[in-house]
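Before any comments, here is the structure.
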There are 2 protein chains.
Amino acid sequence: MTKLTDVARVAGVSATTVSRVINNYGSLSEKTKQKVYAAMRELNYQPNSLARSLQGKQTKLIGVIFSGVSNPFFGEMVEELENQLFSKGYRVILCNAADDKAKERDYLRMLMANQVDGIIAGAHNLGIEEYHQVGLPIISFDRYLSDNIPIVSSDNYRGGQAAGEALLAARVQHPVIITGQQQPNSPTNQRLSGYQAVLSAKDVALDQWTLAFGMSPTLKMMRIRQLLTTHQPDGIFCTDDLTALLVLQAAKQLNIAVPQALKVIGYDGTRFIQAYHPELTTIMQPITDIVTLMVELLLQRIADPDCQLETSYTLPIKVITGTSTAAIS
Amino acid sequence: MTKLTDVARVAGVSATTVSRVINNYGSLSEKTKQKVYAAMRELNYQPNSLARSLQGKQTKLIGVIFSGVSNPFFGEMVEELENQLFSKGYRVILCNAADDKAKERDYLRMLMANQVDGIIAGAHNLGIEEYHQVGLPIISFDRYLSDNIPIVSSDNYRGGQAAGEALLAARVQHPVIITGQQQPNSPTNQRLSGYQAVLSAKDVALDQWTLAFGMSPTLKMMRIRQLLTTHQPDGIFCTDDLTALLVLQAAKQLNIAVPQALKVIGYDGTRFIQAYHPELTTIMQPITDIVTLMVELLLQRIADPDCQLETSYTLPIKVITGTSTAAIS
DNA sequence: AATAAATTGTCAAACGTTTGACAATTTCAA
DNA sequence: TTGAAATTGTCAAACGTTTGACAATTTATT
């Protein structure tokens with residue numbers, strides 16, 4: 001591995017000068033700068049980032065903790081995070097917490113040992129305590145972790161309202177909401193609240209089913225079929241799009257016509273769903289904006305660890321209307 | 001940040017002894033080991049991995065280069081990679097090459113600067129030359145990079161054959177194959193070859209359409225509608241599942257019944273497709289096995305950089321039969 | 001109690017870089 | 001031509017760890 005002193009030798013200058021060029025420190029003539037750059041190119045030199053970081057420079061590494069990247073919503077989010085962080089000169093250590101407390105804790109330790117500059121936390125197994133004492137800039141997605149850790153989320157309450165309104169506007173009489181398990185301190189609980197508020201304003205009864213987030217699709221499918229046959233709802237709001245896809249599939253299998261006999265509305269509105277399931281009405285979370293904001297906040301915290309940030313940032317959602325809630329002519 | 005000397009002080013031993021405990025080096029009594037462990041726990045000590053690596057230890061970081069993680073196939077692959085690497089004590093630096101030569105090159109430089117222990121290369125913008133001189137253990141997915149870099153892929157030729165056979169078995173007369181752009185040195189080209197071989201054995205004409213991998217779904221959709229209306233094929237083999245989904249969608253819009261008027265077969269067979277689109281017949285790549293093999297090979301190379309490995313490893317595919325190619329009764 | 005073996009300590013160099021203090025040299029303008 | 005300013009060099013400490021050589025101490029064995 002070529003090192004700084006090699007560059008110095010080739011450029012015919014001292015090691016200190018090379019370091020000065022790299023870090024743009026002290027006064028330097030254009031001529032020597034060019035000599036050094038030339039030597040760096042010639043030797044294909046890359047400063048050893050371990051040594052730099054050890055010496056006190058930033059590592060330019062960000063830990064990104066999510067519960068898996070195979071879910072399109074998280075996949076798109078992580079992809080966008082990687083993109084934006086890369087363009088700011090940071091790299092991503094991908095941490096899949098996989099609904100596993102121990103793994104998430106391990107990752108937190110590793111990220112500290114690896115001296116990452118900051119963390120984006122999008123998995124939510126761990127309690128507040130463990131995150132509290134990390135002592136690193138953290139931005140959280142969709143979950144309260146500590147007073148000092150900003151939460152970024154989209155407007156879950158409004159999203160729930162919008163979904164309820166859409167169903168009611170489609171003249172639904174017996175709507176059901178399928179949620180994941182309610183997590184403590186999670187703003188996503190607001191989806192239920194918003195939905196509930198809209199229903200009770202119109203005196204429509206709340207009918208709620210819970211399917212744990214980690215449940216296998218096959219199992220979910222069984223439950224949904226059961227729900228459809230026994231409860232015979234004429235409208236379903238799923239708090240994530242994938243579950244909504246299962247509902248559509250189940251309805252098809254059971255010969256329940258959508259939207260004639262059943263209106264379906266999902267949640268998330270990823271690019272994937274928009275492209276491959278345009279028929280599904282859904283509530284879109286603005287992934288790009290969410291990521292932009294999270295990155296911006298994180299970089300602020302990195303630049304100034306004591307900077308004051310809001311506890312919570314809420315971004316607007318958007319309703320994407322497909323045929324799955326279309327009125328019957 | 002607590003450091004080694006702090007642990008030494010608390011444990012009442014020398015710094016050298018602490019280091020010996022951590023690295024299990026030299027001779028140590030059980031008693032002092034326990035004292036040191038206790039102190040480490042008490043202080044919540046994590047060795048600074050920058051310092052360790054600088055000193056010569058492994059970084060335990062692996063660069064994983066793919067072209068985006070929002071595609072479910074790559075998403076599932078990266079998720080599995082992260083899982084398996086984590087369980088072996090490695091962490092993943094996620095590199096999204098995004099069909100961008102410059103970005104991929106940048107990443108390669110960064111990975112070298114970051115002293116990663118190895119690389120899994122699954123993006124294929126760059127030529128052989130740039131990978132040739134990286135001088136790090138590399139395993140490639142689905143692309144020839146250099147004689148010394150093993151390729152792992154699934155049996156693309158057999159997959160192409162199987163797809164062709166499935167279409168012919170369903171009594172298709174005018175099948176079309178939709179491929180991505182053929183990449184030089186990519187084993188995925190074999191899908192076409194295998195398909196072609198089966199067709200020509202039965203004297204069925206080859207009709208091939210190309211839709212670039214990076215093209216937006218909307219645009220692809222347009223082309224597919226055009227294809228369906230002008231060419232009126234009665235069978236389509238898409239070399240990836242997402243394109244197949246677009247075909248199904250387009251067929252629905254155009255009132256072309258699947259499988260009655262049109263048989264559709266895809267490629268990849270992710271868990272996602274199996275769960276959410278069981279109707280689609282597809283060729284499944286064994287993602288878990290592919291990842292297991294890649295990780296195994298990479299770790300071998302890391303342990304012994306000179307170890308001899310095969311140039312190419314091919315894993316069997318599996319046909320997943322849905323209703324999209326069902327025979328008409 | 002004597003000896004060997006096992007354990008622990010001390011010390012220092014090394015990994016590759018940054019950065020400060022200071023001195024030496026070059027450049028430039030008046 | 002002198003003096004100030006700009007440039008470069010030398011030297012060394014620091015970041016936190018590992019590891020080797022060696023000495024000092026403790027423990028186990030007979």
Side-chain angles (χ1 to χ4, degrees), chain A residues 1-40 43-61 109-117 135-136, chain B residues 1-40 43-61 109-117 135-136:
Chain A
M1 199 71 302
T2 72
K3 47 181 148 175
L4 189 132
T5 52
D6 299 326
V7 176
R9 193 168 23 73
V10 170
V13 298
S14 73
T16 302
T17 300
V18 175
S19 178
R20 279 174 182 151
V21 170
I22 292 170
N23 297 285
N24 199 28
Y25 167 81
S27 78
L28 296 161
S29 72
E30 197 53 36
K31 214 175 66 188
T32 43
K33 273 194 202 171
Q34 292 311 323
K35 270 196 302 188
V36 171
Y37 285 139
M40 297 206 305
L43 299 175
N44 193 25
Y45 170 74
Q46 278 292 109
N48 181 322
S49 63
L50 297 173
R52 305 190 78 192
S53 306
L54 184 56
Q55 213 287 327
K57 294 265 173 198
Q58 290 187 12
T59 57
K60 294 289 177 180
L61 288 172
R109 295 172 54 109
M110 281 183 173
L111 292 177
M112 292 169 70
N114 265 93
Q115 316 284 128
V116 298
D117 293 336
L136 251 96
Chain B
M1 202 68 307
T2 74
K3 48 181 148 180
L4 189 134
T5 52
D6 299 326
V7 177
R9 192 168 22 75
V10 171
V13 298
S14 75
T16 302
T17 300
V18 175
S19 178
R20 279 174 181 150
V21 171
I22 293 170
N23 297 285
N24 200 30
Y25 167 83
S27 78
L28 295 160
S29 73
E30 198 53 37
K31 213 175 67 187
T32 43
K33 274 192 203 174
Q34 292 312 324
K35 268 196 304 187
V36 170
Y37 285 138
M40 296 205 305
L43 298 175
N44 192 26
Y45 170 74
Q46 278 293 111
N48 181 323
S49 62
L50 297 174
R52 304 190 78 193
S53 306
L54 185 57
Q55 213 288 327
K57 295 265 175 199
Q58 288 186 13
T59 58
K60 295 289 178 181
L61 288 172
R109 296 172 53 107
M110 280 182 174
L111 293 177
M112 293 170 69
N114 264 93
Q115 315 285 126
V116 298
D117 293 337
L136 249 91

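A, B, ... follow the sequence lines: proteins, then strands. Residue 1 opens every chain. All values below were derived from every heavy atom in this structure, side-chain atoms included, with hydrogens, water molecules and symmetry-related copies excluded.
- Residue A:S14 places no side-chain N or O under 4.0 Å from the OP1 or OP2 atom of D:dT8.
- The side chain of A:T17 contributes no N or O atom lying less than 4.0 Å from OP1 or OP2 of D:dT8.
- Note that OG of A:S49 is 13.0 Å distant from NZ of A:K57, once rounded to the nearest 0.5 Å.
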### Task
Dump the intermediate steps for salt bridge (charged side-chain N to carboxylate O under 4.0 Å, His left out) on B:R9 and B:D6, then the final yes or no.
CA-CA 5 Å; B:R9 192 168 22 75; B:D6 299 326; 2.9 Å; yes

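- In this structure, CG in B:N114 is found 8.0 Å from OG1 in B:T59, a value given to the nearest 0.5 Å.
- Residue side chain A:R20 does not reach the base of C:dG20 through any donor-acceptor N/O pair under 3.5 Å, judged by distance alone.
- Near-neighbour residues of DNA chain C inside residues 2-9 of chain A, defined by a heavy atom below 4.0 Å, number-ordered: A:K3, A:L4.
- As a whole-Å value, the separation of A:N24 CG from D:dT7 P is 12 Å.
- Listed pair B:Y25 / C:dT8 fails the phosphate criterion, with no side-chain N or O lying under 4.0 Å from OP1 or OP2.
- At whole-Å resolution of the value, CG in B:N23 and C1' in D:dG20 are 13 Å apart.
- To the nearest 0.5 Å, the span separating CD1 on B:I22 from CZ on B:R52 amounts to 6.5 Å.
- Applying the 4.0 Å criterion to OP1 and OP2 of C:dT8, one finds that B:K31 has every side-chain N and O outside that range.
- Contacts between residues 46-54 of chain B and DNA chain D, defined by a heavy-atom separation below 4.0 Å, involve B:P47, B:N48, B:A51, B:R52, listed by number.
- Nearest-nucleotide positions on DNA chain D place A:L28 closer to the 5' end than the other of A:T16 and A:L28.
- Within the 4.0 Å cut-off from OP1 or OP2 of D:dT17, not a single side-chain nitrogen or oxygen of B:S19 is found.
- Between A:K3 and A:N48 there is no side-chain heavy-atom pair separated by less than 4.5 Å.
- Residues A:T32 and A:V21 fail the side-chain proximity criterion, which asks for heavy atoms closer than 4.5 Å.
- As rounded to whole Å, 13 Å separates atom P of D:dC15 from atom CD of A:Q115.
- Between B:S29 and D:dT26 there is no side-chain N or O to OP1 or OP2 distance below 4.0 Å.
- With values rounded to the nearest 0.5 angstrom, B:Q34 atom CD is found 9.5 Å from B:S29 atom OG.
- A 4.5 Å side-chain heavy-atom check between A:L111 and A:L136 finds every atom pair outside the cut-off.
- Between the side chain of B:Q55 and the base of D:dT18, at least one donor-acceptor pair of N or O atoms lies under 3.5 Å.
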### Message
With side chain to side chain contact (heavy atoms under 4.5 Å, CB included) as the criterion, how do A:N44 and B:R109 come out once you've worked through the C-alpha distance, each side chain's angles and the decisive distance to 0.1 Å?
### Response
CA-CA 9 Å; A:N44 193 25; B:R109 296 172 53 107; 3.9 Å; yes

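- Proximity of A:K57 to the phosphate of C:dT19: a side-chain N or O atom is located under 4.0 Å from OP1 or OP2.
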